[in-house]
A.B. asks: 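Here it is: the structure, laid out below.
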2 protein chains.
Amino acid sequence: MKTNVMESLFADLDRNGPIPLYYQVEQRLEKAILDGQIPAGARLENEVALGERLNLSRPTIRRAIQDLVDKGLLVRRRGIGTQVVHGRVTRGVELTSLFDDLAKGEKVPTTVLLSYAVEKANDTVADRLGVQLGSPVLHIKRLRIADGVPVAVLENWLPEQFLDITEHDLGELGLYEILRGRGVTIRVAKQKIGARTSNTAEAGLLDTDRGTALLTMERAAFDNAGVGIEYGSHYYRPDLYSFEVTLVEK
Amino acid sequence: MKTNVMESLFADLDRNGPIPLYYQVEQRLEKAILDGQIPAGARLENEVALGERLNLSRPTIRRAIQDLVDKGLLVRRRGIGTQVVHGRVTRGVELTSLFDDLAKGEKVPTTVLLSYAVEKANDTVADRLGVQLGSPVLHIKRLRIADGVPVAVLENWLPEQFLDITEHDLGELGLYEILRGRGVTIRVAKQKIGARTSNTAEAGLLDTDRGTALLTMERAAFDNAGVGIEYGSHYYRPDLYSFEVTLVEK
DNA sequence: TTTGTCAAATTGTTCGTACAATATGACACC
DNA sequence: GGTGTCATATTGTACGAACAATTTGACAAA
């Protein structure tokens with residue numbers, strides 16, 4: 001039975017296309033696990049046998065499995081084998097924006113642009129983005145709404161190369177979507193998650209009472225050359241949003 | 001000059017000992033980066049040359065570099081090379097407890113055990129730990145204090161195998177330290193971070209006013225066999241504690 | 001000047017192979 | 001019955017090799 005699942009899963013790998021073989025295997029395995037086709041606690045076939053059956057070398061199979069171990073979906077023990085982790089399997093926090101998160105669920109995200117201006121970078125912004133103090137940066141502030149309910153206030157600063165992003169763009173799309181559309185790939189992000197009490201203005205924007213708790217997040221994002229792309233300081237309604245993280249010890 | 005740094009760094013690898021070669025290289029490289037010996041933005045030698053100089057194969061070198069890329073310390077681009085990331089390099093959140101976090105800083109952590117009891121697992125606990133509903137679990141509640149100031153209230157549930165942890169242990173050591181001492185290795189943890197408003201009792205414990213914001217964290221931790229080790233529901237004083245996460249897109 | 005092409009440099013993917021380390025279960029031995 | 005030993009299964013580490021993909025810079029061509 002397990003054999004059938006595997007066979008069907010890995011039936012037709014594209015050996016000539018641009019997508020790496022290990023990645024194709026990884027994706028299908030991940031889907032099978034998240035869909036429950038391979039149940040929690042189930043043991044996978046050993047690496048060598050898998051390789052033989054799929055006509056792939058052991059390193060290729062290992063790479064696919066290792067990536068899923070790093071994601072916290074699989075667990076392996078020398079001498080024993082590889083298993084799907086017990087416990088509810090959830091996708092961890094990935095490098096996506098709130099807009100993406102909401103769009104992935106059933107919510108309909110909309111955005112109100114609260115302010116839009118080109119400013120000179122202050123100490124904090126210059127430090128986080130790695131740009132010169134006083135250099136021009138785009139400063140935007142948006143209210144994110146899901147199904148008509150305000151969820152978060154997002155404040156972002158972007159370096160000089162993005163000054164041409166228009167107000168219209170920001171009303172239509174999420175910031176990360178705009179960046180992707182311009183060919184920018186975010187590779188590393190450093191986040192700091194905390195909480196504080198809201199003041200009157202903040203509570204007003206989120207349609208709650210002054211003095212209620214806010215979930216806060218600061219993020220600095222960098223592309224694959226290590227250049228600062230975006231610095232954000234956001235606050236969320238904690239009854240509507242939270243952060244999930246999966247940590248894996250290496 | 002760069003050459004000298006490298007030479008001295010990788011001078012004597014232990015080729016017979018139990019520590020993998022890639023790990024020895026990784027550790028030394030990481031230290032050199034964190035210490036600033038290799039400055040932000042500096043370019044590393046290419047993989048092949050590094051391998052030749054250290055008498056290691058390219059896969060071994062690659063493994064070491066890849067691990068540091070995954071940690072967000074290095075960045076590499078095909079056709080270009082490998083660089084130390086720009087921006088402040090900070091260690092990300094690791095699989096440690098608040099106790100460890102505080103002990104690593106200059107703070108002196110102490111603990112007050114608020115309650116200690118063996119209970120039957122309710123729905124939530126049974127689900128998160130993957131144990132039978134109604135099976136015995138150890139339920140503890142602790143107040144964590146740093147330098148005399150209360151920082152967090154920690155509530156944990158542990159499965160049957162840990163019922164023999166004593167009240168005395170919990171006063172002396174952090175929970176994760178106790179677990180490590182028993183040979184338990186935590187491999188995967190799923191955390192959910194949020195916020196809420198405190199009630200009178202909670203505010204009293206943390207020496208703040210009722211109605212101030214709390215930072216909350218739920219965590220389920222599993223060992224390398226995927227067995228549930230610990231489920232915790234914690235709240236923190238947000239002016240004294242926050243979570244830092246480094247995300248790396250693969 | 002601009003554009004296209006090509007070579008060089010570097011990381012990315014994939015294969016094959018060998019041996020080491022660890023957990024399990026079977027079996028012999030005391 | 002208990003205990004140690006050994007074979008087996010499986011993942012972990014390490015090597016070597018080849019070719020692909022991408023970026024840069026140099027150079028030629030329009």
Side-chain angles (χ1 to χ4, degrees), chain A residues 2 10 13-27 29 42-70 74-85 183 185 187 223-227 248-250, chain B residues 2 10 13-27 29 42-70 74-85 183 185 187 223-227 248-250:
Chain A
K2 192 166 61 179
F10 303 136
L13 294 169
D14 178 7
R15 298 189 90 92
N16 300 321
I19 303 160
L21 294 172
Y22 76 86
Y23 192 69
Q24 295 183 43
V25 174
E26 180 183 335
Q27 295 258 293
L29 249 183
R43 206 164 129 243
L44 253 60
E45 226 174 329
N46 76 68
E47 296 169 349
V48 184
L50 263 177
E52 267 169 23
R53 205 128 61 65
L54 306 180
N55 253 307
L56 293 172
S57 70
R58 191 177 161 212
T60 303
I61 295 287
R62 256 185 90 72
R63 170 81 190 259
I65 291 178
Q66 187 58 52
D67 283 355
L68 295 178
V69 170
D70 290 345
L74 292 176
V75 151
R76 45 184 183 182
R77 284 181 290 169
R78 183 186 289 192
I80 305 290
T82 306
Q83 285 179 298
V84 179
V85 292
T185 308
R187 185 57 58 89
D223 72 4
N224 55 12
V227 175
V248 180
E249 183 76 19
K250 298 250 177 98
Chain B
K2 191 166 59 178
F10 303 135
L13 294 169
D14 178 5
R15 297 190 90 91
N16 300 320
I19 302 159
L21 293 171
Y22 75 86
Y23 192 71
Q24 294 183 45
V25 174
E26 180 184 335
Q27 294 260 291
L29 248 183
R43 204 164 131 246
L44 254 58
E45 223 173 330
N46 77 68
E47 297 171 350
V48 184
L50 263 178
E52 265 169 24
R53 206 128 60 66
L54 306 180
N55 252 306
L56 293 172
S57 70
R58 191 178 161 212
T60 303
I61 295 287
R62 258 185 89 73
R63 168 83 190 258
I65 291 178
Q66 186 59 53
D67 283 355
L68 294 178
V69 170
D70 291 345
L74 292 176
V75 152
R76 44 182 183 184
R77 282 181 290 169
R78 183 187 288 190
I80 305 291
T82 305
Q83 286 180 298
V84 179
V85 293
T185 309
R187 183 59 57 91
D223 71 5
N224 55 12
V227 175
V248 180
E249 183 76 18
K250 298 247 175 100

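Chain A is the first sequence line, chain B the second, and so forth, proteins listed ahead of strands; every chain is numbered from 1.
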A.B. asks: Before giving the answer on side-chain contact (heavy atoms from CB on, under 4.5 Å), spell out for A/Leu54 and A/Thr60 the whole-Å C-alpha distance, their side-chain angles and the decisive distance to 0.1 Å.
C.D. replies: CA-CA 10 Å; A/Leu54 306 180; A/Thr60 303; over 6 Å; no
A.B. asks: Grab the CD-C1' distance between A/Glu26 and C/dT13 for me, whole Å please.
C.D. replies: 14 Å
A.B. asks: May I ask you to test the B/Arg187-A/Arg77 pair for a side-chain heavy-atom distance under 4.5 Å?
C.D. replies: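 Side-chain contact under 4.5 Å: no.
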A.B. asks: Report the distance from atom CG of B/Asp223 to atom P of C/dA23, rounded to the nearest whole Å.
C.D. replies: 13 Å
A.B. asks: Just by protein heavy atoms under 4.0 Å, how would nucleotides 10-18 of chain D read 5' to 3' in B, S and -?
C.D. replies: BBBBSBB-B
A.B. asks: So how far is it from A/Ile80 CD1 to A/Arg78 CZ, rounded to the nearest 0.5 Å?
C.D. replies: 12.0 Å
A.B. asks: So which of A/Leu68, A/Val75, A/Leu74 actually passes side-chain contact (heavy atoms from CB on, under 4.5 Å) with A/Val85?
C.D. replies: A/Val75
A.B. asks: Can you tell if the side chain of A/Leu56 reaches within under 4.5 Å of the side chain of A/Arg15, non-hydrogen atoms only?
C.D. replies: yes
